[in-house]
Number of protein chains: 2
Amino acid sequence: MSAVTSTVNVGRPRAFDMDTALEKALEVFWRKGYDGTSLSDLTEAMGINKPSLYAAFGNKEQLFLKAIELYESRPCSFFLPALEKPTAYQVAEHMLYGAAMNMADSNHPQGCVVVQGALSCSEAAASVKEALINRRVEGEQKLKVRFDQAKTDGDLPPGTDTGVLARYLLTVLQGMAIQANNGACSEQLRQVAHMTLQAFPRAG
Amino acid sequence: MSAVTSTVNVGRPRAFDMDTALEKALEVFWRKGYDGTSLSDLTEAMGINKPSLYAAFGNKEQLFLKAIELYESRPCSFFLPALEKPTAYQVAEHMLYGAAMNMADSNHPQGCVVVQGALSCSEAAASVKEALINRRVEGEQKLKVRFDQAKTDGDLPPGTDTGVLARYLLTVLQGMAIQANNGACSEQLRQVAHMTLQAFPRAG
DNA sequence: AGATATATGTACTTATCGGTAAATAACCCT
DNA sequence: AGGGTTATTTACCGATAAGTACATATATCT
């Protein structure tokens, strides 16, 4: 993939670790949003200066998009792994409790950067807003497809509208991101998760 | 209330209508968020120039807070009126369908400015973020109190945890704001509202 | 009509924004 | 050791941010 820039060890070596720098950038974008984050915020948090940032990551927008990629592939991310669970109910269960655990985790900013990174934003940020909307909509679509599978598997009632069910679940998850921003703790989010699951359709 | 500045008609009269200017400001903040909105955006939308804005509204932050006040007192707002409904179920019903109708209304920006006005933001916007969090938490508290009343009225089961129920409902409403930003239409939001109501506890 | 009071328009301030030019430093390869 | 290559540092760029000074315009009050 990254065959464009040196796989060979030629030239002065980079003095910082790109992955940890990207983690720092993610943390700032997560907490302040795209518009609310300045390059000074980024360089300070990443421990590098601007030319190094531009050389390594392109520009602010590309850095943001790479940070989002990192966010979704982190070990503690819960959305995609939940899709692998054997039944629709367990998929929902893992998503909801995973969100309750993760979104209020005080080891990083609260909520979800895909939700709050560029919800309302300037025209300069319009493209990253679009990118985040796409991520959210694609997640919803993946969940619908998983529920379609569940219907043929027989662990969702035949009459289930999987599109609505997926949208409903994403709505709750996205609402939990706001709740986490409000200061709700994991236990409070778990209660919301529990209540959501009580209404979840199961195989007849 | 507004006795500080001239109730008397002395001096050059204001050449614009403060209420319509405030509506325009609200629309910009709603669409772009606090950080994403510049004073140029505001003066252009409001049809006035900066000294007039500062003389009439104080500064950017005070203008934002006044715009939020306007937002919550608009005729088409649905949250506080829903609290007046006779039963807990009808309260929830009116909130959910009101949100479905309002948040995807194409006559104004999608979603809810109290949710998306300053969700993640710069340090300069920290105080308005706090103000919005307070609004959201206070709304949740008001709904809990309403549900407590419903319990004594007998239109909620005695064992109901009204705090969790209120938080769950606010979670769905806030999630619907994100869905509206995703491009969901009123009908799609109505489906989410319907599914939420199906799980709503009723009097035994 | 003239004094007083408030609003408007133009032009400005200082600070910061995202982004970059150019010189220097640190590595590998021959 | 020296050439080639890439990273870091410092200093800068034009544009725009929020906010304001000041002169002018338009009203009421006496």
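Chain naming here is simple, since letters A, B, ... match the order of the sequence lines and numbering starts at 1 in each.
One can place CZ of B/F16 at 16 Å from C1' of D/dA25, the figure rounded to the nearest angstrom. With rounding to whole Å, B/I48 atom CD1 is found 11 Å from C/dA7 atom C1'. Atom OH in B/Y34 sits about 14 Å away from atom P in D/dA17, given to the nearest Å. When the C1' atom of D/dT8 is taken as reference, atom CG of A/D17 falls 17 Å away, rounded to whole Å. The interatomic distance linking B/L39 (CG) with D/dT20 (P) rounds to 11 Å, in whole Å. Separating the CZ atom of B/F57 from the C1' atom of D/dT20 is a distance of 18 Å, rounded to the nearest angstrom. Distance NZ (A/K60) to P (C/dT16): 16 Å, rounded to an integer number of Å. Protein atom CE of B/M46 is 14 Å distant from nucleotide atom P of C/dA7, rounded to whole Å.
Of the candidate nucleotides D/dA18, D/dT8, D/dT28, D/dT28 has the atom lying nearest to any side-chain atom of B/N9. Closest approach to the A/R14 side chain among D/dT6, D/dA7, D/dA18 is made by D/dA7 (side chain taken as heavy atoms from C-beta onward). Which of C/dT6, C/dC17, C/dA26 sits closest to the side chain of A/S38 comes down to C/dC17. Checking C/dT20, D/dA27, C/dT8 against the side-chain heavy atoms of A/Y54 singles out C/dT20 as nearest. Minimum atom distance to the side chain of B/V10 is reached by C/dA5, of the listed D/dG19, D/dT8, C/dA5. Listed nucleotides D/dA25, D/dG19, D/dT8 differ in distance to B/N59; the shortest reach to its side chain belongs to D/dG19.
A salt bridge links A/E187 with A/R190; the closest basic N to acidic carboxylate O contact falls under 4.0 Å. Using a 4.0 Å cut-off between charged side-chain N and carboxylate O, A/E138 and A/R135 make no salt bridge.
Residues B/G58 and B/P13 each lie close to DNA chain D; by heavy-atom proximity, the contact nearer the 5' end of the strand is made by B/G58.
Using a 4.0 Å heavy-atom cutoff across all strands shown, B/A55 reaches no nucleic acid atom at all. Base contact: B/P51 has a heavy atom under 4.0 Å from a base atom. If you check every strand for non-hydrogen atoms under 4.0 Å, B/T37 touches sugar and phosphate atoms only.
When the side-chain nitrogen and oxygen atoms of B/N49 are compared with OP1 and OP2 of C/dG9, one or more of them lie within a distance under 4.0 Å. In this model, the phosphate group of D/dA17 is approached by a side-chain N or O of B/S40 to a distance below 4.0 Å at OP1 or OP2. In this structure, A/S52 does not reach the D/dT9 phosphate: none of its side-chain N or O atoms is under 4.0 Å from OP1 or OP2. OP1 and OP2 of D/dA25 both lie 4.0 Å or more from every side-chain N or O belonging to B/R12.
A distance-only check finds no donor-acceptor pair linking the side chain of B/D105 to the backbone of B/M101 [under 3.5 Å].
Put simply, the side chain of A/Y71 does not reach to within 4.5 Å of the side chain of A/F29, judged on heavy atoms.
A distance of 12.0 Å separates CZ in B/F147 from CG in B/D153, rounded to the nearest 0.5 Å.
One can find a donor-acceptor pair under 3.5 Å joining the base of D/dG19 and the side-chain atoms of B/K50.
For the 3.5 Å distance criterion, the side chains of A/Q191 and B/R167 qualify, holding a donor opposite an acceptor.
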